[in-house]
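Taking it in order: structure first as structure tokens, then the write-up.
In what follows, every heavy atom counts, from backbone to side chain, and hydrogens, waters and symmetry copies are set aside. Quick note on labels: first sequence line is chain A, next is B, and so on, each numbered from 1.
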Amino acid sequence: MKRIISILIENKPGALARVVGLFHQRGYNIETLNVGPVFDGSYSRMTVTTRGTESDVEQITKQINKIIDVIKVSDLTEGEHHEYEFILAKFKHTDKILKTLKALNGKIHEKNKEAMVMSAWGSSSEIELAIKTIGKTNLIELVRSGSLGLHEGIKVLKI
Amino acid sequence: MKLSGGDLLMRALKDEGVKFIFGYPGGAALHIYDSIFRQKALDHILVRHEQGATHAADGYSRATGKPGVALVTSGPGATNAITGIATAYMDSIPLIVISGQVQSHLIGTDSFQETDMIGISRPVVKHSFIVQKTEDIPRIVQEAFHIATTGRPGPVVIDIPKDKTDPSILYTYKRKKEISLRSYQPRVIPHPGQIKKASKNILSAERPVIYAGGGVILGNAHKELIALNKLLKAPVTNTLMGLGAYPANDKFFLGMLGMHGTYQANMAMHHADVIVAIGARFDDRITNTPSMFAPNARIIHIDVDPASISKIINADIPIVGQVKESLAALIKEIKRSKIKMDSEALESWNIQISEWRQKHGLDHDRYLSQFKSQMIAPQVVVQELYHATSGNAYVTSDVGQHQMFVAQYYHFNKPRRWINSGGLGTMGFGLPAAMGVKLAFPNQEVVCVTGEGSIQMCIQELSTCLQYNLPIKIININNEALGMVRQWQDMNYGGRHSASTYSDSLPDFVKLTQSYGHIGMKVTKPSQLRKTLDKAFSMKDKLVFVDVYVDPNEHVYPMLVAPNGSMKDMWIKKNTKA
Ligand SMILES: Cc1ncc(C[n+]2csc(CCOP(=O)(O)OP(=O)(O)O)c2C)c(N)n1
Ligand SMILES: [Mg+2]
């Protein structure tokens, strides 16, 4: 099962490598990874998606929590949550692609005879579908933010 | 007064109460070495290999409970230290390893003796720091000691680029009153609700077993463990790392459990209805096949590390907290509880256990009777050692059959006396670890029980022992083979001894020891054993290496049947399952 794990981590050199290294060390895979400083910039928020059973994820979150630089960890998939992914794509445009991306909050950034650059965002399943729609033959370049997640409602992950 | 980076480091270490630094110099560490030369508070012990420095610091820590400190140079110095760091990491030993690094502006340029120490040590440290500003050195040292010694302890690396210890760059030394890290707040006090649940389950048990590990020793909780069992009168077993946490001579002690645990300990675990795991981590050398582990037991698991709980075996009642505080709370709750243990059930459980003990327990008499035989049984060497040291020595060991024989036959009644590499199983650990212990306790008997394979991995430290006058006793259980490897080959590979023997090329250990300036003795006959050991131990201020030739065909038993076995499935002697 897909899991979305949110991590608050000190913004210190090498901190990110400790998290990434841990997944490898413990035999788990990272599917997507997003990180950036938040609030005063002294710490970052990461969103990591991975696959595993309930007990796998319990182990992963416990092990991540043990990393000294990690301030807080939460498995968003345990409860209601928001999950979005952002993409930037360069492709040979067709009307069908345009329509699909427009439906995903698409924005055109560049357009010429050969190709078109658009951004879009949506749930990761919507994004997967959109990438399929663009198709291998039309797609020239693609960059994904990886999942971004937040708890729904009053539940928050902060210091 | 303003101090250089090296002097700041010395001052910070002194303020942490450090007495010894085990180290080896080199280019990137030379500023630090000059600071060492110019101070008097700390003694530097020059080892002969950086692995020895980390093991010696580790042995010092295991024996004293204080963190050990090692200092190495960049590049090869740092990589040589890795085995020792990993050894400490696996057994949760607090260690501070300071590594010199190339100058900041050279980092990343493949400069001379440059290695990414933070990178290569990352999977085997609790935490690591690279010094970016000289003035940060005191704070980093303070944080490193705090992290290494609290929660689940472990090694911490401090990597210091050479320019940060430049003697011309000076700062005022400052020390914080208290260290508080927002990202690191280990839980000390257990949850009261969980303690209540645990107490209820323990008191309702008919076949309880206490399974205590190294966490009891690391958490200085052996007194609480003994107090708990004064109330419960339940059978207690210790892991390899936990030996000494509960007195081996107590009638409720089952001996060690696991791969080479006693028959009664493994049987008791398998048939228990409640297992109280304390500072133990259900290692695969304990549980055998996890799905077949203790099928009828409720598991209560006390540990300071939440990640150890329900990692291998699901805990019915997890308790996260320091072992000492948790046991104290549990004792209080049990005393307060109105539930009385079913004493009849407990009685018949203890009778069942004595029957197991009678049937296949370690047979001490049988081995003593082998005195009449031509060859020395390795188990007898350990028994004779116990005799010669009145069971009071600090005993370090290496890895292999000899290590298991010590665990089985040297009865540890006190914590911190048994010092071995359990988690990583590092051959070469024993001698340098013994140096650390001897420095900590110069007036105590310190013995390294080793094998002719393991001792050759750090034999060069005999030279360190001469330099610092460390009269350790080394007992080499010489079976002329990598005995444990050969045992597995006997049992699982049709007796094909692939790369496990070398009897035609062993050194003359007596001469070898003599050339290092110590005393060597050789024993080949059972009748010489006691006399030789007594003589060796009578030489108080000499390092004596006793090379004991033993029966090379001896195996370690019991041994859990694997794969696809449970804890009740054991080989109890050659070709015989219980
Ligand atoms: C550094 C290292 N390399 C290899 C091993 C694998 N190993 C485990 S026991 C053993 C044999 C040890 O031989 P010896 O020290 O003579 O002890 P014995 O088993 O004969 O008592 C070996 C090679 C190890 N534990 N550590
Ligand atoms: Mg051997």
Side-chain angles (χ1 to χ4, degrees), chain A residues 3 5-30 33 35 37-46 48 50 52-75 78 156-159, chain B residues 86 89-90 92 104 107-108 116-133 136 140 143-144 146-148 150-159 161 179-187 281-282 290 303-315 318 320:
Chain A
R3 301 284 176 159
I5 299 168
S6 284
I7 304 165
L8 303 185
I9 185 166
E10 293 289 358
N11 196 356
K12 286 184 183 163
L16 177 63
R18 292 180 208 274
V19 176
V20 175
L22 184 135
F23 272 83
H24 168 71
Q25 246 165 273
R26 301 270 168 192
Y28 302 111
N29 273 319
I30 294 180
L33 165 70
V35 59
V38 291
F39 291 94
D40 65 359
S42 69
Y43 66 100
S44 295
R45 179 161 177 145
M46 297 173 70
V48 181
T50 182
T53 62
E54 196 95 16
S55 65
D56 284 342
V57 176
E58 190 184 322
Q59 237 330 274
I60 298 177
T61 51
K62 281 175 168 179
Q63 294 292 353
I64 293 173
N65 233 327
K66 266 172 75 172
I67 296 173
I68 304 294
D69 286 334
V70 167
I71 306 165
K72 274 183 182 167
V73 184
S74 182
D75 174 9
E78 266 183 356
V156 291
L157 182 70
K158 66 167 195 191
I159 296 179
Chain B
Y89 181 71
M90 289 296 278
S92 308
S104 309
I107 290 179
D116 174 11
M117 179 56 165
I118 299 294
I120 54 173
S121 66
R122 190 186 301 119
V124 294
V125 296
K126 184 170 176 186
H127 195 55
S128 51
F129 295 89
I130 180 153
V131 172
Q132 290 178 311
K133 292 191 218 122
D136 288 345
I140 287 175
E143 288 183 7
H146 174 65
I147 291 166
T150 53
R152 180 177 179 173
V156 175
V157 162
I158 306 176
D159 199 35
I179 288 289
S180 157
L181 300 169
R182 66 177 173 183
S183 65
Y184 175 69
Q185 273 142 7
R187 191 179 179 104
R281 59 186 177 89
F282 295 89
D303 206 290
V304 72
D305 175 13
S308 283
I309 296 177
S310 299
K311 183 175 66 176
I312 312 284
I313 300 293
N314 192 57
V320 180

Count the heavy-atom pairs under 4.5 Å between each of B:Q185, B:K126, B:H127 and chain A, then report the option with the highest count. B:H127

Residues, nucleotides or ligands: over 12 heavy atoms within 6.0 Å of A:Q25 CD: yes

To the nearest 0.5 Å, what is the distance between CD (A:E10) and OH (B:Y184)? 14.5 Å

Scored by heavy-atom pairs under 4.5 Å with chain B, the best of A:I68, A:I71, A:I9 is A:I68

Chain B: which of A:Q63, A:E58, A:K66 shares the most heavy-atom pairs with it under 4.5 Å? A:K66

Side chain from CB out, backbone as N, CA, C, O: work out which of these in B:S128 comes under 4.5 Å of a heavy atom of chain A, or both, or neither. both

Which atoms of B:D305 come close to chain A, meaning under 4.5 Å heavy atom to heavy atom: side chain ones, backbone ones, both, or neither? side chain

Please assess B:S183 against A:K12 for the test side chain to side chain contact (heavy atoms under 4.5 Å, CB included), listing each intermediate value before the final yes or no. CA-CA 12 Å; B:S183 65; A:K12 286 184 183 163; 5.8 Å; no

Under 3.5 Å, is there a donor-acceptor pair between the side chain of A:K62 and the main chain of B:I309? yes

Closest non-hydrogen atom pair, B:A307 against A:Q59: O-NE2, 3.0 Å

Structural part of A:I159 lying under 4.5 Å from a heavy atom of chain B: side chain

